[in-house]
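Source: prediction; values computed, not measured. Order of the sequence lines sets the chain letters (A, B, ...), proteins ahead of strands, with each chain counted from 1.
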Protein chains: 2
Amino acid sequence: MLKLSKLTDYAVVALVRLGQKSEVTTSPVLSRSTGIPEPTVAKVLKILATQGIVTSQRGARGGYRLAQPLEEISIAAVIQAIDGPISLTTCVDGGDCDARATCGLGGQWDMVNAAIRHALSAITLADMKNHTVTDRLGGLHVPPVPDRPEATA
Amino acid sequence: MLKLSKLTDYAVVALVRLGQKSEVTTSPVLSRSTGIPEPTVAKVLKILATQGIVTSQRGARGGYRLAQPLEEISIAAVIQAIDGPISLTTCVDGGDCDARATCGLGGQWDMVNAAIRHALSAITLADMKNHTVTDRLGGLHVPPVPDRPEATA
DNA sequence: AGGAAACAGTACTGTTCTGGTCCAATTATG
DNA sequence: CATAATTGGACCAGAACAGTACTGTTTCCT
């Protein structure tokens, strides 16, 4: 469905909420604050800590803190942290493309991947939290989407 | 992994190949021509026919034909035909977002979805077929994206 | 120093989805 | 009219993912 994993969604939610607190925050608190189940939010935070998106403080009175301000964290970074690298096909990294010889389009997918990565890198977590998007859309490169009139069923 | 299904990859390959033929083509022929397993390519074509990307002719001497020229078919259309709608999260269509009330970012994903759709709509199947990859990111219509100076990790 | 709180890592289970296969409906041809 | 060729739709197996639970390590508080 070209949808990212639910974990990534949770990650964004948790990160945005975490960005609104200036102190270290624990998983249970964040869970209560976001509505995400505690084990899940814990898992997400763990992964994010591994990837350096958040910093962790162990022990009692520990918790998590944003490693960078919301404005500095792109959606692409979060997606890559949770879901892994952004590459739409397996052809790219010299993968298991069995039809490479005959497929005719030698690695043109890289172009598509790059386009998506660019689009995703242009949006930060700060853009995700509630402020009106209207003003940003002008200067931002987001949705002039021409929306072709075909096969949308 | 934010990767699209292998079926979509196959679909693009089959469509590009189909665009190079001006006559109706059967699944076996297309399979032989692309290297994609016959049942798989058949299934892909079937779906594409349902979505109006290709037109089908049943019965003997039947086959498939492109409904539009390659230049008119965007990658987004193919992805939507095979993988379903391009919406990264389930939040969008009033789905099963259980944490909608608390998540804080009310449907900001639409912005991301739009960005991706836009990037994907800008690339057509004609762009996917064999022209030199060297200028793929330069002269092509891929990244008007101004690329913020941050968090591309 | 001892106990409690919180993160870190690993392993497991259930569910969803993709990928592939098989049978039925349809149409041109002889 | 019968036959063969081809698409159309439904079905089944396999893998990947989400979610959960458990154990271990670290740190603060009493």
Side-chain angles (χ1 to χ4, degrees), chain A residues 1-14 18 23-32 34-65 67 79 82-84 88-90 96-99, chain B residues 1-11 13-14 18 23-32 35-65 67 79 81-85 87-90 95-99:
Chain A
M1 214 223 270
L2 193 67
K3 76 170 183 37
L4 43 80
S5 63
K6 210 181 296 184
L7 270 300
T8 306
D9 190 359
Y10 289 159
V12 171
V13 174
L18 193 58
E23 281 307 309
V24 293
T25 311
T26 68
S27 296
V29 169
L30 224 43
S31 165
R32 220 177 327 274
T34 57
I36 305 170
E38 296 167 23
T40 302
V41 72
K43 183 180 188 175
V44 168
L45 266 313
K46 259 179 269 186
I47 299 174
L48 291 174
T50 310
Q51 302 300 318
I53 306 288
V54 300
T55 59
S56 62
Q57 175 63 31
R58 297 184 67 156
R61 301 290 301 267
Y64 294 97
R65 189 196 307 249
I79 293 177
I82 302 288
D83 269 6
L88 266 56
T89 59
T90 49
D96 49 1
C97 180
D98 50 349
Chain B
M1 216 224 267
L2 194 65
K3 77 170 182 34
L4 42 80
S5 64
K6 210 183 294 182
L7 271 299
T8 306
D9 191 0
Y10 290 157
V13 175
L18 192 60
E23 280 308 309
V24 292
T25 312
T26 67
S27 296
V29 169
L30 225 43
S31 165
R32 222 177 326 275
I36 305 171
E38 295 166 22
T40 303
V41 71
K43 181 178 188 174
V44 168
L45 266 313
K46 261 178 270 186
I47 300 174
L48 291 174
T50 310
Q51 302 300 317
I53 306 287
V54 299
T55 59
S56 64
Q57 175 63 32
R58 296 185 66 157
R61 302 290 300 268
Y64 294 97
R65 189 198 306 255
I79 294 178
I82 302 289
D83 270 6
S87 49
L88 267 55
T89 58
T90 48
D96 50 359
C97 181
D98 49 348

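In this structure, CG of B:Asp9 is placed 14 Å from C1' of C:dT18, rounded to the nearest angstrom. Between the CD1 atom of B:Ile47 and the P atom of C:dG20 there is a distance of 12 Å, rounded to whole Å. In this structure, CD of B:Gln51 is placed 11 Å from P of D:dG9, rounded to the nearest angstrom. Rounded to whole Å, atom C1' of D:dT6 lies 14 Å from atom CG of B:Leu30. Summarising the geometry, the separation between NZ on B:Lys46 and P on C:dT26 is reported as 15 Å, rounded to the nearest angstrom. If you measure from atom OH of A:Tyr64 to atom P of D:dT27, you get 14 Å, rounded to the nearest angstrom. In this structure, B:Lys43 places its NZ atom 13 Å from P of C:dC22, rounding to the nearest Å. Rounded to a whole Å, the CG atom of A:Asp83 is 12 Å from the C1' atom of D:dA16.
Within the 3.5 Å criterion, the main-chain N or O of B:Val54 finds no donor-acceptor partner in the side chain of B:Ser56.
Within the 4.5 Å cutoff, side-chain heavy atoms of A:Leu18 are placed close to those of A:Tyr64. Side-chain contact between A:Ile82 and A:Leu48 is present, with heavy atoms from C-beta onward closer than 4.5 Å. Between B:Ser27 and B:Leu30, every side-chain heavy-atom pair lies at or beyond the 4.5 Å cut-off. With contacts defined as side-chain heavy-atom distances shorter than 4.5 Å, the pair B:Thr40/B:Leu7 qualifies.
At the phosphate of C:dT18, neither OP1 nor OP2 sits under 4.0 Å from any side-chain N or O atom of B:Tyr10. A close approach under 4.0 Å does occur between a side-chain nitrogen or oxygen of B:Thr40 and OP1 or OP2 of C:dG20. Close to D:dA5, at under 4.0 Å from its OP1 or OP2, lies no side-chain N or O of B:Gln57. Proximity of A:Ser27 to the phosphate of C:dA6: no side-chain N or O atom is located under 4.0 Å from OP1 or OP2. For the OP1/OP2 pair of D:dG19 and a distance below 4.0 Å, the side-chain nitrogens and oxygens of A:Lys6 include at least one atom meeting the criterion. A close approach under 4.0 Å does not occur between any side-chain nitrogen or oxygen of B:Ser56 and OP1 or OP2 of D:dT6. For the pair B:Thr26 and D:dT7, the criterion of a side-chain N or O lying under 4.0 Å from OP1 or OP2 is not met. The phosphate of C:dT29 has OP1 or OP2 within less than 4.0 Å of a side-chain N or O from B:Arg61.
Nearest-nucleotide assignment on DNA chain C puts the 5′-proximal partner with A:Thr50, out of A:Thr50 and B:Leu7. Where A:Pro28 and A:Leu2 meet DNA chain C, the nucleotide closest to each residue was compared, and A:Pro28 sits on the side nearer the 5' end.
Nearest nucleotide to the side chain of B:Arg58, out of C:dC7, D:dT7, D:dT20: D:dT7. Among the nucleotides D:dG24, C:dG19, D:dA5, the one closest to any side-chain atom of B:Ala60 is D:dA5.
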